[in-house]
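Beneath this line is the structure, given in C-alpha cells, with notes to follow.
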Number of protein chains: 4
Amino acid sequence: MLNQQGSGRRAELLGMAAKLFAERGYVSTTVRDIADAAGILSGSLYHHFDSKESMADEILSGFLDRLFGTYAEIVAAGLGPRKTLEAIVIASFEAIESHPSEVAIYQNETKQLLRLPRFAYLEQRNTEFRTLWTDLLAEGVREGVFRADLDVELVYRFVRDTVWMAVHWYNPKGSLSAEEVARQYLSIVLDGIATGRRPVKRRTGA
Amino acid sequence: MLNQQGSGRRAELLGMAAKLFAERGYVSTTVRDIADAAGILSGSLYHHFDSKESMADEILSGFLDRLFGTYAEIVAAGLGPRKTLEAIVIASFEAIESHPSEVAIYQNETKQLLRLPRFAYLEQRNTEFRTLWTDLLAEGVREGVFRADLDVELVYRFVRDTVWMAVHWYNPKGSLSAEEVARQYLSIVLDGIATGRRPVKRRTGA
Amino acid sequence: MLNQQGSGRRAELLGMAAKLFAERGYVSTTVRDIADAAGILSGSLYHHFDSKESMADEILSGFLDRLFGTYAEIVAAGLGPRKTLEAIVIASFEAIESHPSEVAIYQNETKQLLRLPRFAYLEQRNTEFRTLWTDLLAEGVREGVFRADLDVELVYRFVRDTVWMAVHWYNPKGSLSAEEVARQYLSIVLDGIATGRRPVKRRTGA
Amino acid sequence: MLNQQGSGRRAELLGMAAKLFAERGYVSTTVRDIADAAGILSGSLYHHFDSKESMADEILSGFLDRLFGTYAEIVAAGLGPRKTLEAIVIASFEAIESHPSEVAIYQNETKQLLRLPRFAYLEQRNTEFRTLWTDLLAEGVREGVFRADLDVELVYRFVRDTVWMAVHWYNPKGSLSAEEVARQYLSIVLDGIATGRRPVKRRTGA
DNA sequence: GATGAATGAGTTTTCATTCAT
DNA sequence: TATGAATGAAAACTCATTCAT
C-alpha cells in the first residue's frame, strides 16, 4: 500500500539501487555497483534510467509522496495532538520497517542532494515536515498536553532526528516490531527516562 | 584545552579540511577543494600530508582522543548515574560547540571510513561509547533513578543518536549556549515532553 | 523523376534519416534520433537497415546516381560551353530545391564518410565532377567564351563550392524559385558584381 | 600579430586540438586523439582545460576576436566600397593562410556548436559579418560601383560562402600566395568569368 | 515489423597522487 | 614549501548493434 513504484524490471533495479545507496551512500555507490548487483553491464542501466541522479530522484520522490500522503491522512483525522503525535511516530517507524533503504537515503543524502536543482523538493518536504511538527507541538502546548517550558523548535528538531535515526539500528528481523519500538520510543519522548516526579526545573538561562 | 592538533600551517590546513569534510562529506570533498581553500595547488598538500585519508585520520583520531579523555574523567569522578549522564551530555554538547566539524565528520563519515583498515579504531570508540552508556544506564536502573521498563539497548541508541544529531542544527552563534541546549535536551530525555504523571503503561505487545 | 528510393516504409525512414543527417550531421545523429523521429524503438530500425552506415550509403548513392545521370544527359546534349554551364548550374540548384537533405549530406559529410571504404565511390564522383567542369571550362576558354586569364583549377573550385553552398541558405518556400536563384547566381559568376568594363588587370605577382 | 593565444604548453595543446578539430571535425575528434597527439594521457588534458568544449571555445573566440578586429580596422579606414571589399577579401584569405585550422573549424562546426549556449557569440559574429557585408554592398550599389540588379542578400551569401570555402582547398605551401588567390578570386567576383560585355540582363522572373 | 532488454566498446571527465624544478 | 605538468585508475554516460519474444 505504501509501495508500487513502477513496472517490472525498472522497479527491481530501483530496489537494488536503493539498497546500495542506503548501504554505501549515494556518492560511493557506483553505477557499476548497481549494475553488478543486477547482473548486467553498467551501460545497460541507461536503457532504464537517464542517470544515477534520476534513480535517486525516482526512489526518493516516490517514497516521500507516499509517506507524506500518510502523514496528511493522519493529520486530517483530527485525533488531537497527543494521538496525532503517536500516530505520526508510529507511521514513521513503519516506514523504517517497510522501506529502510528509502528512509536511510532520505536521512543521509538529503544534504548532498539538495545541491542539485532537481532535488529542490526535498527542501519543501523538510519545510512541510517542520510545519507539521511545530503546529502539532504548539497545539499540544495550548491544550496542556505538552510541556510549556520547552522550546518548540528544539523539541521539533529533537523528535525529527530521533525518529529517523532509528533507521540506523532498527532491524526488521529482530524481536521488536516497528510498533513496539515506536511505543517504547514514544514512552521515552513523552515521559522521559527518569523515574518519579520530575524535580523542580530551573528554567534554563534564568 | 580540547585543542592543539599540530603546529602552524599543518593545523591550519587540517582545520580547512575538517570544515570541508563536514560540509560536503569526505568523499565529495576533493583534495583540490582543500587546496583551493588554502590558496595552494592540490599537489602542494602532499608536502604536509601523506594522503586525503591521513588528513581525515588525523582530524578524527586527535579529536576522539581528547573527547574520550574527557568522558573518562567524568566517569572517574564517580558522580552517580544521573549526574554522570548529565555531565556526559553536557560535554558532548560542548564538543559540538567547540568542534562542530569534527563531530559532523564523526557522525556522518564513520560508516564509510570504517571500511578502511586504518580507521578500525572508530569501531573501538563506538564499543567504548556503548559500554559507557549501557553501564551507566544499567547502574541508574539498579539505583532506581532510571525507569526499569525500558530496553537499555534501545535507550542507549536513542541517547547516542540524539546527542550527536544536534550537530546538524546547533548554531554556536545562536541565542542558546551549548549548556542551555544540553539542559533542555536533558530535560526532555529525563522527563519527557508530556505534562503530568505518566499514565499506566501498557507494556507494548501485551 | 529524380526520386524513388525504395518502397513505402523504407523510403519514409530514409527520408527521416536524411533530414536528421542534414540538420545535425551524420556523427551527431544517433540511431535513436532517427527511431524517435519515426516513432519506433532504435532496435527496430535494424529490421529495415543493416546499419547507420548503410542508411547514409543508400541515401547518398541513390541521390548521386540520379544527379550525375542528369549531368551526363546535359553534357550529352552538346549545347556548347556556356549553355552547358548554365544547364548544370540550374540542375544543381534544382537538386538543392528538391533534395536539400541529400545535398547537405553530400556537402558536409563527404570528408568524414570518405574514411570508410564503402564510401569510396564519393571520391569517384568528385573526380567525375571535377573532370566535367575543367573540361567544360577549358573548352569555353578555347572557344573564347570564358576568360583566358583565370586559373581553370581555381575557377572550378570556386564554382563547385559556391553552387553547393546554396544549400545552406536556399529556402524552397521563399520568394525566389530555384531557377531564379540560379539565374542570379549565373549572372554573378559570368559577369561579376562590378559595374562597367573591367579595368586593366595588373596580373597578380607579375 | 594575428596570433598569441596563451602561454606555453597551453597554446601548444590548443594548436594541436585545432588541427585535429579541423581535420576530423569537432565531434569525431576524441579527447584521446588530442592527448595522443600531445604525447600525454587524455586525463592530463584536464589539467589545462575544463572540457573539450572549452578548448573549441578558446580556439574560436580568440581567433574571431582577432579576425573581426582586423575587419573593423579595415572598415574604419574608409577606403570606399570597392577597396574595402578587396581589403576584406584579402584579409580573409590571409586568415585562411595563417590560421587554416581555425577557419575550418569556424566554417564546419559553427552550426553544431551553436546548439551549445556558450557558443552563442558565434551567432553574434555571424550577424556582425552579415551587417558588414550588406552595408558594404549597399553602399557600393549607391555609389554605382556594384551592380544594382542583383539581390544584395544573395550576393552577400554568395561572397560569404565562397571566401571561406577556400579553406578547403587552399594550400599555403602551393605556388599561389594568399594574396594572389585573393586577387583572382576578386577578379571573378567583380568581373565574372565570361568574356566581353555582359548581355542585356533579363531580370529573373520577368 | 516491432518491443524490451541487453551488450561491448568507447567517450568525456574526475581525482588522488607523484615528481622534477 | 610551493608550482606545474603529468599519471593511472576509475567514474558516469553514450551509442551502434543484437536478439529472444
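Chain naming here is simple, since letters A, B, ... match the order of the sequence lines and numbering starts at 1 in each. Just so it is clear, the model here is predicted, and its values are computed rather than measured.
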Mind checking whether D:Y106 and D:W164 have parallel, tilted or perpendicular rings, split at 30° and 60°? perpendicular
Given side chains that start at C-beta, do those of A:Y26 and B:V27 come closer than 4.5 Å, heavy atoms only? no
Distance, rounded to the nearest Å, where D:F49 contributes CZ and E:dT13 contributes P: 13 Å
Just how far is it from atom OG1 of C:T30 to atom CG of C:D33, taken to the nearest 0.5 Å? 3.0 Å
Under 4.0 Å from OP1 or OP2 of F:dT17: is there any side-chain N or O of C:Y46 that close? yes
Closest-nucleotide ordering on DNA chain F, the 5'-leading residue of D:L45 and A:S51: D:L45
Any salt bridge between B:K52 and B:D57, counting N to O under 4.0 Å? no
Are B:H47 and E:dC19 close enough that a side-chain N or O sits under 4.0 Å from OP1 or OP2? no
Please figure out whether A:V31 or D:L41 has its closest DNA chain F nucleotide nearer the 5' end. D:L41
Which nucleotide in the set E:dT7, F:dA12, F:dA2 lies at the smallest distance from any side-chain heavy atom of A:K52? F:dA12
How would you label the contact of D:S54 with the nucleic acid (heavy atoms, under 4.0 Å): base, sugar-phosphate, or nothing? nothing
Assuming nearest nucleotide by heavy-atom distance, tell me which of A:L13 and D:T30 is located more 5' along DNA chain E. A:L13
When you check the phosphate oxygens OP1 and OP2 of E:dT17, does a side-chain N or O of B:R32 lie under 4.0 Å from one of them? no
Hey, does B:I40 reach any base, or is it just sugar-phosphate, or nothing, if we go heavy atoms under 4.0 Å? sugar-phosphate
Which whole-number value in Å describes the distance from A:L116 CG to F:dA12 C1'? 14 Å
Between P of E:dC15 and CD of B:E53, the distance in whole Å: 17 Å
Counting the atoms with a prime plus P, OP1 and OP2 as sugar-phosphate, which does A:S28 contact under 4.0 Å by heavy atoms, base, sugar-phosphate, or nothing? nothing
If a pair means Watson-Crick or G-U wobble with both distances below 3.5 Å, what does DNA chain E look like in dot-bracket form, with | marking bases paired to a different strand? .||||||||||||||||||||
Of the candidates F:dA16, E:dT17, E:dA2, the side chain of C:H48 sits closest to E:dA2
For the pair D:R10 and D:E58, find out whether any cationic side-chain nitrogen is under 4.0 Å from an anionic carboxylate oxygen. yes
Tell me whether D:R125 is salt-bridged to D:D65, with the criterion being a basic N under 4.0 Å from an acidic carboxylate O. yes
B:S54 side chain to B:F49 main-chain N or O, any donor-acceptor pair under 3.5 Å? no
F:dT7, OP1 or OP2 - any side-chain N/O from D:S44 closer than 4.0 Å? yes
Let me know the distance between CZ of A:R10 and P of E:dA5, rounded to the nearest Å. 10 Å
Both D:D33 and C:S42 contact DNA chain E. Which one's nearest nucleotide lies toward the 5' end? C:S42
